[in-house]
Protein chains: 2
Amino acid sequence: MRVVHLLRAITVELDRMGERFAAGHALHPTDVRALICLLDADRTGTPATPGTLGAQLGLNSAGTTAVVDRLERLGHVRRERDTRDRRRVLLKVEENAIALGWGFFGPLIREIVTVMDRFDAAEQATIERFLGDVHEAVTRS
Amino acid sequence: MRVVHLLRAITVELDRMGERFAAGHALHPTDVRALICLLDADRTGTPATPGTLGAQLGLNSAGTTAVVDRLERLGHVRRERDTRDRRRVLLKVEENAIALGWGFFGPLIREIVTVMDRFDAAEQATIERFLGDVHEAVTRS
DNA sequence: GCAATAATCTCGCTGAGCGAGATAATGCCA
DNA sequence: TGGCATTATCTCGCTCAGCGAGATTATTGC
């Protein structure tokens, strides 16, 4: 029961961080979530379009257009026509957005890595197994 | 680095659950967060007022009034004048809201407890220590 | 070529949350 | 006791994110 509260507390704090990041860069929470989706897609090499982004964010096409407009106006994202299927628009994350994200979340990531380093190999394996199980449980629910 | 992604994935999924819960009960995400705050306060015996709630949610007084109005209209919360300091309004969670929360999040909580049971005492201690350290790191950032 | 289909964008509207200020109960001091 | 500052909450008018419906542009199949 204690771990449930800890997990929830961590979730709440991570959300708060996201909000602070948003407030500090003239972004809305949805814009931050959109940037995270786009950075993930960039990292895995998956092409991102307004359609895929809107689906991931649970927005309709009008809202998606608005999000992309805001991000483009701030110079975080660029629209590019797909040369193969000229109906599609590809979303490219600009360098400055990547730098922005790392500047804000980098310190936290480094801290978590430091926390992990204080555990030995067997303990790290236990933690990963636990988080994996929880993730599966949460995804299933 | 893997645990960072797992933690983030868990956070995302928990947020999604909150949104599904909201959508399924004619609530807005903010309303769900408010209910969680009020249930926490109820559990720990802390008196809850629009002032404290607004502070926890990061809303101003106008927005707070609107949240409480919505929750009251749906019968999840009741306003009560504090008899000692008659300027204050105490927020009481109705039974049906408590039942609603447990009905939705109960299964997940039980699943996480089940996951925990598969670890021995030493492993459970490791997991709790890890989550505690992460929580501290996240809170500090 | 001309429907049918698909991806994205435009328009008008609803409602959450904000800033400013009103209202009401309390505490303090002469 | 009366008047003034303080604290807690609510009201009003406004802005803007996101929604539904439909327009626009590109592609595919006949």
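Below, chain A is the first sequence line, B the second, and so on; all start at residue 1. Side chains included, hydrogens not; waters and symmetry mates left out as well; all remaining heavy atoms used.
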Problem set entry | Sugar-phosphate, base or nothing in reach of B:Gly54, heavy atoms under 4.0 Å | nothing
Taking only distance into account, with no hydrogens and no angle test, what donor-acceptor pairs under 3.5 Å do side-chain atoms of residues 12-24 of chain A form with protein atoms, sequence neighbours excluded?
from: A:Arg16; atom 1: NH2; to: B:Gln56; atom 2: O; distance (Å): 3.2
from: A:Glu19; atom 1: OE2; to: B:Arg33; atom 2: NH1; distance (Å): 3.3
from: A:Arg20; atom 1: NH2; to: B:Ser141; atom 2: O; distance (Å): 2.6

Atom pair distance, as rounded to whole Å: [atom1] in [X] and [atom2] in [N]:
{"X": "B:Glu80", "N": "D:dT9", "atom1": "CD", "atom2": "C1'", "result": "16 Å"}
{"X": "B:Leu71", "N": "C:dG17", "atom1": "CG", "atom2": "C1'", "result": "15 Å"}
{"X": "A:Arg88", "N": "C:dC9", "atom1": "CZ", "atom2": "C1'", "result": "17 Å"}
{"X": "A:Leu57", "N": "C:dT8", "atom1": "CG", "atom2": "P", "result": "14 Å"}
{"X": "B:Arg70", "N": "C:dG15", "atom1": "CZ", "atom2": "C1'", "result": "9 Å"}

Which residues satisfy the salt bridge (Lys or Arg N to Asp or Glu O under 4.0 Å) test with [X], sequence neighbours excluded?
{"X": "A:Asp40", "value": "A:Arg43, B:Arg8"}
{"X": "B:Glu95", "value": "none"}
{"X": "A:Arg110", "value": "none"}
{"X": "A:Arg81", "value": "none"}

Residues pairing under ring pair (Phe, Tyr, Trp, His ring centres under 6.0 Å) where one sits in residues 110-141 of chain B, two or more places apart or in two chains, turn out to be none
In numerical order, the residues of residues 43-52 of chain A whose heavy atoms come under 4.0 Å of DNA chain C are A:Thr49, A:Pro50, A:Gly51
Quiz item: Where along residues 11-40 of chain A does a heavy atom come under 4.0 Å from DNA chain C, residue by residue in number order?
Solution: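 Hits under 4.0 Å, by residue number: none.
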Subject >> Listed partners of B:Arg73 passing side-chain contact (heavy atoms from CB on, under 4.5 Å), at least two apart >> reply: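 B:Arg73 satisfies side-chain contact (heavy atoms from CB on, under 4.5 Å) with B:Asp69, B:Arg70 only.
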Test side-chain contact (heavy atoms from CB on, under 4.5 Å) applied to A:Arg87 - qualifying residues, sequence neighbours left out
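In terms of side-chain contact (heavy atoms from CB on, under 4.5 Å), with neighbours along the sequence ignored, A:Arg87 is linked to A:Asp85.
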Under 3.5 Å, which N/O atoms of the protein pair with N/O atoms of nucleotides 21-26 of chain D?
none

Just compare C:dC9, C:dC18, D:dT9 and give me whichever is closest to any side-chain atom of B:Leu59.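 Output: C:dC18.
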_Can you identify which nucleotide, out of D:dG18, D:dT9, C:dC9, has its nearest atom closest to the A:Thr65 side chain?_
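Given the options D:dG18, D:dT9, C:dC9, the side chain of A:Thr65 is closest to C:dC9.
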* Check whether any side-chain heavy atom of B:His76 lies under 4.5 Å from a side-chain heavy atom of B:His25, and answer yes or no. =>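 Result no, sub-4.5 Å side-chain heavy-atom pair not found.
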Problem set entry | Phosphate OP1/OP2 of D:dC10 contacted by B:Arg79 side-chain N/O (<4.0 Å) | yes
Under the side-chain hydrogen bond (donor to acceptor under 3.5 Å, both in side chains) test, residues paired with B:Thr83 that sit two or more places apart:
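B:Thr83 satisfies side-chain hydrogen bond (donor to acceptor under 3.5 Å, both in side chains) with no residue once adjacent residues are dropped.
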DNA chain D nearest-nucleotide lookup for B:Leu90 and A:Gly63: closer to the 5′ end is B:Leu90
Can you get from B:Leu90 to B:Leu38 by hopping between Ile, Leu, Val, Met, Phe, Trp and Tyr side chains that sit under 4.5 Å apart?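 Per the 4.5 Å side-chain linkage, B:Leu90 and B:Leu38 are not co-clustered.
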